[in-house]
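Below: one structure, written as structure tokens.
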2 protein chains.
Amino acid sequence: MGTSCIIRHFEHYAELTQSDRDLLASLERSPESSPKNTVLWEQGAPSEFFYTVSRGWAVSYRNMENGTRQVLDIYVPGDIIGLREFAFQKRVAGLMVLTDAELCAFPKMRLTEVFSKSILLCSIFFMITARDQAILLERLVNLGRRSAKEKLAHFLVEMCKRLGKTNPAVANELKLPLTQALIADALGLSAVHVSRTFQELKETGQVGVSNGGIEVHDIEGLKEIAGFDPSYLEEDIDAILEHSRRGEINN
Amino acid sequence: MGTSCIIRHFEHYAELTQSDRDLLASLERSPESSPKNTVLWEQGAPSEFFYTVSRGWAVSYRNMENGTRQVLDIYVPGDIIGLREFAFQKRVAGLMVLTDAELCAFPKMRLTEVFSKSILLCSIFFMITARDQAILLERLVNLGRRSAKEKLAHFLVEMCKRLGKTNPAVANELKLPLTQALIADALGLSAVHVSRTFQELKETGQVGVSNGGIEVHDIEGLKEIAGFDPSYLEEDIDAILEHSRRGEINN
DNA sequence: CGCCGCGTTGAAGAAAATCAAAGCACGTGG
DNA sequence: CCACGTGCTTTGATTTTCTTCAACGCGGCG
């Protein structure tokens with residue numbers, strides 16, 4: 001099965017010991033593939049696993065009573081899904097894969113076992129959760145206090161940044177497997193308004209379209225439109241690890 | 001100095017051992033009081049401590065370039081401030097106390113030490129962070145896909161629930177030390193629209209005013225207006241602790 | 001071919017923002 | 001005790017932003 005998905009992910013943050021790797025490997029199940037547009041669970045379903053995305057895109061969403069939908073998160077390869085349900089028995093949101101995808105499951109309840117055995121892994125998990133919160137905050141700002149144009153620009157920049165982290169090649173070409181309706185549901189807008197706003201960005205040259213994908217021509221321009229501040233994506237793992245190691249010595 | 005703030009808070013979740021208590025007590029500094037309207041830090045300031053609120057209200061916010069402001073969180077006694085900055089060197093948002101308040105500081109970097117010494121405390125911290133994320137998600141939904149009236153109703157119900165958790169008396173009388181401008185900044189609305197929306201709720205009898213405070217007359221009505229689903233506030237600590245204890249045995 | 005999902009366009013309407021002024025409660029100083 | 005200032009809320013009029021509805025275009029695919 002090669003290097004497991006989460007090990008690769010975590011080694012991006014810090015050097016793991018062999019026992020850390022063994023520990024992670026013992027938890028991770030083999031990847032499960034799902035064809036595009038599969039709903040893996042609905043909100044309210046029991047929440048026993050979290051997942052890492054090894055291939056494809058997924059989206060978590062909330063269906064509202066009035067028939068609308070709010071997209072809460074968009075997941076790309078390398079992301080972790082469902083950590084936030086650590087404290088809950090049930091899924092707080094539905095999950096759908098957008099493309100053919102592969103996810104690796106982890107039994108949620110064995111996380112505490114990991115925590116007790118490796119302070120390093122514990123710190124990394126905590127760091128990831130805290131960083132995810134910072135991202136959510138930024139999204140809150142996006143929904144609360146930005147115009148449609150700013151929202152869309154900010155969204156595109158964030159996707160660029162996140163994709164660029166694992167795949168430096170895609171710095172300014174975005175092939176998003178997202179419909180405009182889905183982007184609308186992520187930004188709290190209507191689909192037609194997203195379409196119009198895209199037109200605006202095309203006219204002023206920040207984005208373009210090429211065979212179904214979105215091309216980002218001017219990421220700096222988008223950043224300016226959005227008032228983008230990248231600091232919320234720049235977690236600092238080193239300082240934590242420093243102390244984490246010190247904690248280990250104290251053990 | 002009596003029982004420390006965070007110990008009281010944590011014992012609400014689980015029974016701590018004496019060594020857990022000692023560990024927490026060794027970290028917590030004595031409470032610092034701040035007069036109302038004090039800004040404790042601005043976004044971008046170094047982030048070395050997190051805090052527990054032992055008295056008073058506080059609010060974290062983000063100032064936008066266009067002069068507007070987004071309120072990210074409102075903190076009441078018992079809440080923890082700044083855990084989300086675990087992974088960051090800098091504050092991602094400003095913090096202001098709204099009333100005269102007392103906060104207890106914790107050196108952020110000693111968290112990993114706590115994690116390594118007590119799997120129970122580690123689990124509780126993780127649980128709190130995960131639950132905070134669930135609350136943020138609900139707020140995302142609130143900002144993205146609800147009308148002004150629904151937003152306000154949802155906001156009031158959430159505050160009721162959160163206050164009622166520590167103080168069962170205030171189930172349906174709310175004395176909020178919040179201006180309408182601040183509520184507006186929390187909900188992504190303008191202050192005048194919040195005022196108008198309040199009028200609506202008064203006319204239909206869900207809320208009233210008495211000497212400066214807000215009275216909630218009909219919390220069920222508000223829930224219905226908002227489409228309120230309380231499950232995001234009902235974390236389930238027991239299942240986690242069960243496994244946490246098992247983890248400890250494995251040590 | 002014809003259907004279907006998705007994007008685009010236009011027109012009309014609703015929701016909320018903005019601007020400006022006035023009211024009200026409260027504290028302060030004369 | 002009253003006048004005054006200040007911070008917050010309310011109100012009305014106007015404008016902007018976004019939604020809704022409906023229709024059409026367009027490419028892919030059975």
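So you know, we letter chains A, B, ... as the sequences are listed, proteins then strands, and number each from 1.
- Checked against C:dT8, C:dT18, D:dT10, the side chain of B:Gln180 finds its nearest nucleotide in D:dT10.
- In this structure, the NZ atom of A:Lys202 is 8 Å from the C1' atom of C:dG7, given to the nearest Å.
- Looking at heavy-atom distances under 4.0 Å, A:Ser190 makes contact with a base.
- Residue A:Val192 is the one, among B:Ser147 and A:Val192, whose nearest nucleotide of DNA chain C lies closer to the 5' end (criterion: closest heavy atom).
- Taking 4.0 Å as the cut-off between side-chain N and carboxylate O, B:Arg8 and B:Glu28 do not count as a salt-bridged pair.
- Look at CD on B:Gln199: it is 13 Å from P on C:dC24, rounded to the nearest Å.
- Within the structure, a side-chain polar atom (N or O) of B:Ser195 is placed less than 4.0 Å from OP1 or OP2 of D:dT10.
- Here D:dC8 presents its C1' atom at 15 Å from CG of B:Leu98, a figure rounded to the nearest Å.
- Atom CG in A:Asn66 sits roughly 14 Å away from atom C1' in D:dT20 (whole-Å rounding).
- Atom CD in B:Glu200 sits about 12 Å away from atom C1' in C:dA16, given to the nearest Å.
- Computed from coordinates, the A:Arg146 CZ to C:dA17 P distance equals 17 Å when rounded to whole Å.
- Spacing between atom NE2 of B:His193 and atom C1' of D:dA13 amounts to 16 Å, rounded to whole angstrom units.
- In this structure, the side chains of B:Arg84 and B:Ser60 come closer than 4.5 Å at one or more pairs of heavy atoms.
- D:dT10 atom C1' lies 13 Å from atom CD of B:Glu203, rounded to whole Å.
- A side chain to side chain contact (heavy atoms under 4.5 Å, CB included) with A:Trp57 is found for one member of A:Asp79, A:Leu178, A:Val97 and no other, namely A:Leu178.
- In summary, B:Lys149 and B:Glu200 engage in a salt bridge, as defined by a charged side-chain N under 4.0 Å from a carboxylate O.
- The phosphate of D:dT17 has neither OP1 nor OP2 within less than 4.0 Å of any side-chain N or O from A:Lys151.
- Under 3.5 Å, the side chain of A:Arg196 and the base of C:dG10 form at least one donor-acceptor pair of N or O atoms.
- A salt bridge does not link A:Arg131 to A:Glu138: none of the charged side-chain nitrogens sits closer than 4.0 Å to a carboxylate oxygen.
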